[in-house]
Amino acid sequence: MRGLKDKVIIVTGAAQGIGEATALRLGDEGVTVVCADRNADGAKATADKVTAAGGRAIAVQIEVTSRDSWMAVTGQVTEQLGGIDGLVNNAGVTRDRSLMKMTDDDWATAIDVNLKGPWLGCQIAIPHMQARGGGAIVNLSSDSRWGAFGQSNYSSAKAGLVGLTRTVAIEHARHKIRANAVAPGVVKTPMVMAVPEEVRKGWMTSVPMKREAEPSEIASVIAFLLSDDASYVT
């Protein structure tokens, strides 16, 4: 895809699932990938896979809910790699319970990781993109943004993430920074595979393709939205 080669792009939640697949795809496109994850060993394993395939990558540990952690990571990336051209806010968690059983901690954890984390990432990374003359952001929302049983916290965060993305797009188009959200349905990630098989089979009734997506299929969309081939998509 056009315009990705030699760009520096941060991918959060890069240790597994969609984040890992995105890092590998971006590495194939010539991106210098910053594999960021709370799991430092997992981030390093993904970075090693990128480099083993002939790409360029570094691993960093990040706590996406912490402003200090974001500041440290973006500072390190800028010092080590010269700047930041893109950001994929992929890190996420679930804390599923029905509304009446959900605790304050369940709510706060899901909102903080899935919504506050991307908000901090956008706020802190955008000045670095402005310094490079522009950039692109992709936030990972979810089909659950419409509401899902046992996910009042996760659904609220993923719906809010769409509002955040639209606002970033409106405010920063003048800085040549694009922002888009990808909202996958059922994807073969460790988080989804932890759900009982009979439940996952039930989900397939509303999926036109009648199968779960592969993480690489979501990664290809993310790569497109980061590329110059999506230059008018925000």
Side-chain angles (χ1 to χ4, degrees), residues 1-5 7-37 43 46 50 57 60 62 64 70 73-74 77 83-92 113-130 132 134-145 157-173 175-185 187 189 213-234:
M1 294 178 180
R2 294 185 302 115
L4 285 176
K5 184 174 171 53
K7 292 292 177 67
V8 176
I9 298 177
I10 300 172
V11 180
T12 69
Q16 63 182 15
I18 293 171
E20 178 187 11
T22 299
L24 292 169
R25 175 58 188 268
L26 293 178
D28 287 344
E29 295 284 351
V31 170
T32 299
V33 188
V34 180
C35 301
D37 203 284
T46 298
V50 173
V60 297
I62 191 169
V64 296
W70 272 108
V73 165
T74 53
V77 171
I84 298 169
D85 301 295
L87 171 64
V88 181
N89 281 308
N90 166 75
V113 175
N114 296 311
L115 185 56
K116 180 184 177 183
W119 171 71
L120 284 171
C122 291
Q123 189 184 70
I124 293 168
I126 279 175
H128 295 280
M129 295 183 200
Q130 287 180 247
R132 302 273 268 193
I137 297 167
V138 176
N139 295 323
L140 269 292
S141 182
S142 169
D143 190 57
S144 294
R145 73 194 186 283
K158 293 301 188 178
L161 194 52
V162 175
L164 171 66
T165 305
R166 292 177 66 88
T167 301
V168 171
I170 292 165
E171 291 184 356
H172 292 283
H175 300 133
K176 298 182 180 179
I177 294 171
R178 297 181 298 102
N180 289 285
V182 175
V187 186
T189 65
E214 297 291 339
S216 60
E217 293 175 304
I218 310 304
S220 66
V221 177
I222 295 169
F224 164 72
L225 291 171
L226 291 167
S227 78
D228 288 350
D229 285 334
S231 57
Y232 197 64
V233 183
T234 196

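Numbers here simply count residues along the sequence, with the first being 1.
Closest heavy-atom contact between A136 and L226: O-CD2, 3.7 Å. The shortest non-hydrogen separation linking A43 to V60 is CB-O, 4.0 Å. In terms of heavy-atom proximity, I84 sits nearest to R132 at O-CG, 3.5 Å. The heavy-atom pair separating W70 from L120 by the smallest distance is CD1-CB, 3.6 Å. Residues V113 and P118 come closest through the heavy atom pair O-CD, 3.5 Å. In plain terms, the two heavy atoms of G83 and V77 that are nearest each other are O-CG1, 3.8 Å.
Using modelled atom types, no side-chain atom of T234 and backbone atom of A169 make a donor-acceptor pair closer than 3.5 Å. For S142 (side chain) and A183 (main-chain N/O), no donor-acceptor pair under 3.5 Å exists by modelled atom type. A donor-acceptor pair is defined here as one N or O able to donate and one able to accept, closer than 3.5 Å; no such pair exists between the side chain of T46 and the backbone of C35. A side-chain donor-acceptor contact under 3.5 Å links S141 to the backbone of K158. N114 places no side-chain N or O within 3.5 Å of a backbone atom of A157 that could act as its donor or acceptor partner.
Under the rule for a salt bridge (charged side-chain N to carboxylate O under 4.0 Å, His left out), the partners of E217 that lie at least two apart in sequence or sit in another chain are R211. For D229, the salt bridge (charged side-chain N to carboxylate O under 4.0 Å, His left out) criterion is met by R2, not counting sequence neighbours. In terms of the salt bridge (charged side-chain N to carboxylate O under 4.0 Å, His left out) criterion, R178 has no residue partners (sequence neighbours excluded). R145 meets the side chain to side chain donor-acceptor pair (under 3.5 Å) test with no other residue; sequence neighbours excluded.
Distance check: L161 CG to K116 NZ gives 15.0 Å after rounding to the nearest 0.5 Å. Summarising the geometry, atom CD1 belonging to I10 is positioned 12.0 Å from atom OG1 belonging to T32; distances are rounded to the nearest 0.5 Å. Remark: D28 CG to M1 CE distance equals 11.0 Å, nearest 0.5 Å.
Side-chain atoms of V88 and L140, non-hydrogen and from C-beta on, do get closer than 4.5 Å to each other. The shortest side-chain heavy-atom distance between I222 and I18 falls under the 4.5 Å cut-off. Considering only heavy atoms from C-beta on, F224 stays 4.5 Å or farther from V182 through its side chain. In this structure, V33 and V11 have side chains that are in contact, with non-hydrogen atoms separated by less than 4.5 Å.
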- Query: Can you list the steps and then say if L4 with I9 is a side-chain contact (heavy atoms from CB on, under 4.5 Å)?
  - Reply: CA-CA 9 Å; L4 285 176; I9 298 177; 4.1 Å; yes

- Message: Let's go through V8 and V31 carefully: what are the C-alpha distance in whole Å and the side-chain angles of both, what is the deciding distance for side-chain contact (heavy atoms from CB on, under 4.5 Å) to 0.1 Å, and is it a yes or a no?
- Response: CA-CA 6 Å; V8 176; V31 170; over 6 Å; no

Only distances under 3.5 Å count here; give the side-chain donor-acceptor pairs of residues 121-130 to other protein atoms, sequence neighbours excluded, each with its distance to 0.1 Å.
| residue | atom | partner | partner atom | Å |
| --- | --- | --- | --- | --- |
| Q123 | OE1 | R67 | NH1 | 2.8 |
| Q123 | OE1 | R67 | NH2 | 2.8 |
| H128 | ND1 | T78 | OG1 | 3.0 |

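Each of N180, T165, N90 was scored for a side chain to side chain donor-acceptor pair (under 3.5 Å) with N139, with one residue passing: T165.
Counting only residues at least two apart or on different chains, the salt bridge (charged side-chain N to carboxylate O under 4.0 Å, His left out) pairs with a member in residues 16-27 are E20-K49, R25-E29.
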